[in-house]
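Proteins come first, then strands; the chains are lettered A, B, ... in the order of their sequence lines, and each starts at number 1.
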2 protein chains.
Amino acid sequence: MKNIQLHIEVNSGLYLKNPDTSDLGRKIICQSIKMINELGFESFTFKKLGVQIDSPESSIYRYFENKHTLLIYLVSWYWSWIEYLLVFSTMNIDSSSEKLERSIKVLTEPILEKYPTTYIDEELLNQIIIKESVKAYHTVDVDDENKKGYFKTYKKVVQRVSELVLEVNPKYKFPHMLISTVIEGAHQQNYFAQHLPTLTDVTEGKNNVSEFYTNMVNKVIV
Amino acid sequence: MKNIQLHIEVNSGLYLKNPDTSDLGRKIICQSIKMINELGFESFTFKKLGVQIDSPESSIYRYFENKHTLLIYLVSWYWSWIEYLLVFSTMNIDSSSEKLERSIKVLTEPILEKYPTTYIDEELLNQIIIKESVKAYHTVDVDDENKKGYFKTYKKVVQRVSELVLEVNPKYKFPHMLISTVIEGAHQQNYFAQHLPTLTDVTEGKNNVSEFYTNMVNKVIV
DNA sequence: AAAAAACGATAGTAATACTATTACTTTTGT
DNA sequence: ACAAAAGTAATAGTATTACTATCGTTTTTT
């Protein structure tokens, strides 16, 4: 897997110039992931990013309309990447329930391994998803941006795993609700574990979040 | 029934002057709920609010440090109010599982009734919780604000219902995870139903969200 | 070698999120 | 009833943010 060239695709409406095609573009992506993590999305600005990559603010605006579309770009990239993980982790597995279980694991376990295939630090990006991704679609412009296809990679992941749910139990009524609850819930619980622990039941060392949602899916769909 | 507050009270650190004690303060709360709904939290400003209530921006700053603490105030007020609903809806019910079921209903069904007891429009406030409440605690200052007790009313609600879960099944390992997943999930699903429907399985007329989570809780805790 | 694209440097603007000051008005405590 | 305290209006001002515009230079493509 480490030597495979992944073709991660994001909606071309998300950028003015594809950051993947130039050195400056890749620096923008790479450094913005670090800075959004350090500063939080609100305090992150193109001006500060420009200082770090030693390029003027205006050059960044040639790639992204604003920091909000940059965030959606990162979120979109993440889900496209997750789809690869889902495909790889269920490859050559016959049993649908085994495929589902492995998929839930991918969606709920923290990203720890380094996959040095790209210039993007997926572990850090995962932290951005946990902390900031709700801000990507909790805006006044959701409907408009949804129409433009900005959230397609996320919806594809939910769709893919929902289909596995239906393979296991074709009569189950709420596969999409179940999977989006698992995905969003797992992020939420990881966030709570870090900042509002009384809202969770995390015990040190054990990955209770993954255990909880795996158990939940198994019990709910039978 | 545990120590329940008789008045809806929010942490006094959330305001500089209690908005409940003056005409201007109540106008600030009442109008800000309307405006955050209309404009979205990002586009809502104290300046615009001042124009609407015909008071200068600086007067609003005498009540709230900034719009972020105002949002936490509203969220906090909401959960304090929800706790009342929980208490009322489980009053005189003997069966723990019946109490739990009624509580889940309160947490997952949309607020539609008008309670004209206060100057606050709870239905509109519920919409703010659905759309904007994640922004109240997804910030760099969470840990600090958590220490100050800003999220206490929310944590109390989760704690109360988690205890009901344990009454039904004392051996269940993840009561807090379950309840916070239900609460956050229900908001999320209502939001998705409005804006990203492919992530849900909503059918017109029926409240599938409540059905889904009620079913989920019942299956998970046995 | 010429044309096109990308980039750096600099400047500028409207809006945001506040802070500060002063003076007038209302509430309150005795 | 009256002074003190508290609350409010009006106005002004600041640093930062989120952009937009221009222009000359460098780099890449053909």
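The only option from B/V10, B/I120, B/I111, B/I8 that meets the side chain to side chain contact (heavy atoms under 4.5 Å, CB included) definition with B/Y78 turns out to be B/I111.
Judged purely by distance below 3.5 Å, without hydrogens or angles, the side chains of A/Q127 and A/E123 never pair a donor atom with an acceptor atom. Between the side chains of A/Y154 and A/S133, not a single donor N or O lies within less than 3.5 Å of an accepting N or O.
Side-chain N or O atoms of B/K67 include one that pairs as donor or acceptor with a backbone N or O of B/F44 at under 3.5 Å. For B/K135 (side chain) and A/H138 (main-chain N/O), a donor-acceptor pair under 3.5 Å exists by modelled atom type. Side chain of B/Y150 to main chain of B/G13: a donor-acceptor pair is present (N/O by atom type, distance under 3.5 Å, no hydrogens or angles). Within the 3.5 Å criterion, the main-chain N or O of B/N66 finds a donor-acceptor partner in the side chain of B/T69.
Within a 6.0 Å sphere centred on NZ of B/K155, heavy atoms belonging to other residues, nucleotides or ligands number more than 12.
The phosphate of D/dT8 has OP1 or OP2 within less than 4.0 Å of a side-chain N or O from B/Y63. In terms of phosphate contacts, B/S59 brings a side-chain nitrogen or oxygen within less than 4.0 Å of OP1 or OP2 of D/dA9.
Rounded to 10°, the helix from C/dA1-D/dT30 to C/dT30-D/dA1 has 30° between the axis fitted to its first five pairs and the one fitted to its last five.
Taking atom CD1 on A/I60 and atom C1' on C/dA6, their separation rounds to 15 Å, with Å as the unit.
For residues 12-34 of chain A, proximity to DNA chain C is found at A/K17, A/S22, A/L24, defined as any non-hydrogen atom under 4.0 angstrom from a strand atom.
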Reading nucleotides 11-28 of chain D from the 5' end, what letters show protein touch, with B for base, S for backbone sugar-phosphate only, - for no heavy atom under 4.0 Å?
B-----SBBBB-------

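The shortest non-hydrogen separation linking A/S103 to A/T90 is OG-CG2, 3.5 Å.
The cationic group of A/K131 does not satisfy the cation-pi geometry with A/F41, failing either the under 6.0 Å distance to the six-membered ring centre or the 45° limit from the ring axis.
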